[in-house]
Amino acid sequence: MRKDIADALKLNMAVVREGYEKQAFADNGNRFLTGNGYMGIRGTLTEARKADMPCVNLAGIHHRKGNEWMEPLNAPNPLYFALEGYSLPENADKVVSHTLSLDMLHGFFLRETVFDTGIGHLTLRVQRFCHMQDVHLLAARIWLCSDTEMDLKVHMGIDRDVWDIHGPHFSAFETEDSGECTVLLGLTDDGQQVASALHFPPVCAASSGEMRSAAVHLFAKEAYTLDLVSSVFTSKDTPLPSQSALDALNTCPAFDALLTSHKALWASLWEKTQVEISGDKDAELAMRNAIYHLLSIAPRHASDLSVAARGLSGQTYKGAIFWDTEMFMLDFYLACLPEVARSCLNYRIQSLPGALEKAKAYGLEGAFYAWESVEGGKDACSDYNVTDVFTGRPMRTFFRDKQVHITADIVYGLRKYVAWTGDTGMLAQGGARVVYEAARFYLSLITRRLLSDTYDLLDVIGPDEYHERVNNNAYTNEMARMTLSYAADICPKYLDIPEEEIRLFREAASHLKVQAPDPETGVIAQFDGYLALEDVSVETVRSRLLDPKEYWGGAYGVASHTQVIKQADVIALLEVLPGYDRGIKEKNYDYYEKRTEHGSSLSACMYALCACDIGRPEAAYPLFMKSAQADIAGGGKQWAGLVYIGGTHPAAAGGAYMVLTRGFLGLTWENGEPQLHPRLPAAWERVRLKVQRDGKTYMLDTEEA
Ligand code: IFM
């Protein structure tokens, strides 16, 4: 394992953190995450219990406990392992050295801690991964070595005390012991099941149960290893998850063979996605880390699963699918794993019934997609998404009701997928129906004035969530217009729909209010009346906070009545839809950048794209790095009011990929061939990057541009 890490380090493919930082468990859980699209295991220590937020987070299976928020299930952790007398944080005073590494090249987590035993040094190494090919398997190798002979007691097993935000989700457990293997089945009150099984190493053969202990004798300077191989299945995968979990362990190869096949799969993924940035090792590492995370959470095993906003790093944002996937991650998946892009969009096609139901519930027509989509397209978004720090009371937020751009974002994703792949089968197989129902949704929402020809989209929330319930948000109006026009163009080819409806789609598209650039300043108002709001700096608004965790938006937020915005809104519009010239981009970049808090990790990449478009790669660079480094750097916003929102940042990762390709490389496609128009930061000497299109692999190289 050390050789692997050394190779990865040499190739600038490893993230390493030295020194034991007791308080860093939350960031490290994200920073050292390993995953395979089916599950993610946070980069916590194997001895971590609930307080340190360990989890084996599962994709596409949710549960709601009572009236709490619905959230994805975490499996009982089958790779719990502790050394008696040497667990952290309790024995932090014995730590001589402590190193955590993420080997992105081979896809594993490595922990090495040297403890002072009083008479010498004891080294504990743990290598852990979620198998990239057989996605139900996860494994850990424990390596121990002491420079003096010593006896140790070790504890290992399946931890049923699962870390949940709004749990506990399992109301009952069943265990089944089959000698070397034990399976623990967690049952929810709505009949769902999650089985975690563990193949115990021979040292535990004499004992039974889901948690076992063993005595280990270490000879001086002789390494001792223990392999833990586990499997996880749910009732979504199979009617008998316990049986499947045990079968998987009975038939799976031993640790070394598993690791070999796991590494081979990672090698093949990097083969498709490798990026080199000569002249800037930090940017190269950050970009590779962003790609690593996007690969680790990609549902390669599924055909209609999407990617949650916090990936597989836990239950933040209810494990739900947001616009993040279509608007921020899709570029990467299209260029590197088109089958994953397809799966994400199939998920939207499959969840159309949920969107139709949501629209109906609001008295609207067509498809109103869930702001926070879970199984069946149900909206997990609460009416009270933020807790007031002062009163502890839930605050009414309107994301679910008013962030109506979500439907257009999905259409945008579908349109992009079809344009990129040429796969019109997606439209024939349900995509056109989504587009049609999306257009009907906007038709039912748009208001027609009696005394004017202008139509409005009233009472919405744009991407900048701090300003709620505004009229004619520029981004929303243009995305709705795109949806109506696209529907009018393509739906008649696939669906039998009345001509009158098509006419109405076109009429609404042409009459919907345009937030035109101000003739003097060139600034596009984010919404009606935005430019008349108090014009103060982000710092002034920040200085008005009475509590650092206070929510900036909503009815009484410190930003709500000012022009300070949370994240790219007009700038997002200028970057996603064509037709805005450089002058307009320049003026709006200069206007909005200084008024943006970048309080969402989705913000910086849009500004970076814009900065590239206006010929300012140096201004784009820190914004790019902010996006690409989101999960290496840690920190970031962890709270919205009193609600924990930490986790990994796949949209920022995908955004960084967009900045690299569309921004710095200036990638366009002409006659099916890639063309580069590089505008690189001064320190960058050369960029090489592989992309796939139409079954062909292209090596983009700025030296050949
Ligand atoms: O989708 C985003 C939203 O734009 C800002 N808040 C977080 C969500 C999930 O990433």
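Just so it is clear, the values below take in all heavy atoms, side chains as well, and ignore hydrogens, waters and symmetry mates. Positions are given from 1, in the same order as the sequence printed here. Atoms within each ligand, like the ligands themselves, are counted from 1 in listed order.
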Could you tell me whether the side chains of [X] and [Y] share a donor-acceptor contact shorter than 3.5 Å?
X      : Y      : result
Gln526 : Gln563 : no
Tyr347 : Ser373 : yes
Asp631 : Asn30  : no

| field | Nearest-contact summary for atom 3 (C) of ligand 1 - protein heavy atom, Å | value |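 Atom 3 (C) of ligand 1 sits closest to the protein heavy atom Glu465 OE2, 3.5 Å.
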| query | What residue and atom, counting heavy atoms only, is the protein's closest point to atom 7 (C) of ligand 1, and at what distance? | reply |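 Result for atom 7 (C) of ligand 1: Tyr317 OH, 3.4 Å.
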Which ligand 1 atoms does [X] reach within 4.0 Å, using its non-hydrogen atoms?
X      : answer
Asp324 : 1 (O), 2 (C), 9 (C), 10 (O)
Ala309 : 9 (C), 10 (O)
Trp323 : 1 (O), 2 (C), 3 (C), 4 (O)
Leu602 : 1 (O), 2 (C), 4 (O), 10 (O)
Lys566 : 5 (C), 6 (N)
Phe322 : 1 (O), 8 (C), 9 (C)

| Does the separation of the ring centres of Trp371 and His405 fall below 6.0 angstrom? |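 That pair passes the under 6.0 Å test.
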| So, do Tyr362 and Phe441 have ring centers that fall under 6.0 Å from each other? |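 No, they do not, as the ring centres are separated by 6.0 Å or more.
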| task | Scan Asp401, Thr407, Asp379 and name whichever one has a side-chain hydrogen bond (donor to acceptor under 3.5 Å, both in side chains) with Lys358. | result |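 Single pass found, and it is Asp379.
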| Does any N or O atom in Ser600 lie less than 3.5 angstrom from one in ligand 1, N or O only? |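 Checking ligand 1 against Ser600, no N or O pair falls under 3.5 Å apart.
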| said: Looking at ligand 1, would His649 count as a contact under a 4.0 Å heavy-atom criterion? | reply: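 Checking ligand 1 against His649, which is what was asked, there is no heavy-atom contact under 4.0 Å.
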| His649 vs Arg310 side-chain heavy atoms within contact, under 4.5 Å |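 Yes; the side chains approach each other to less than 4.5 Å.
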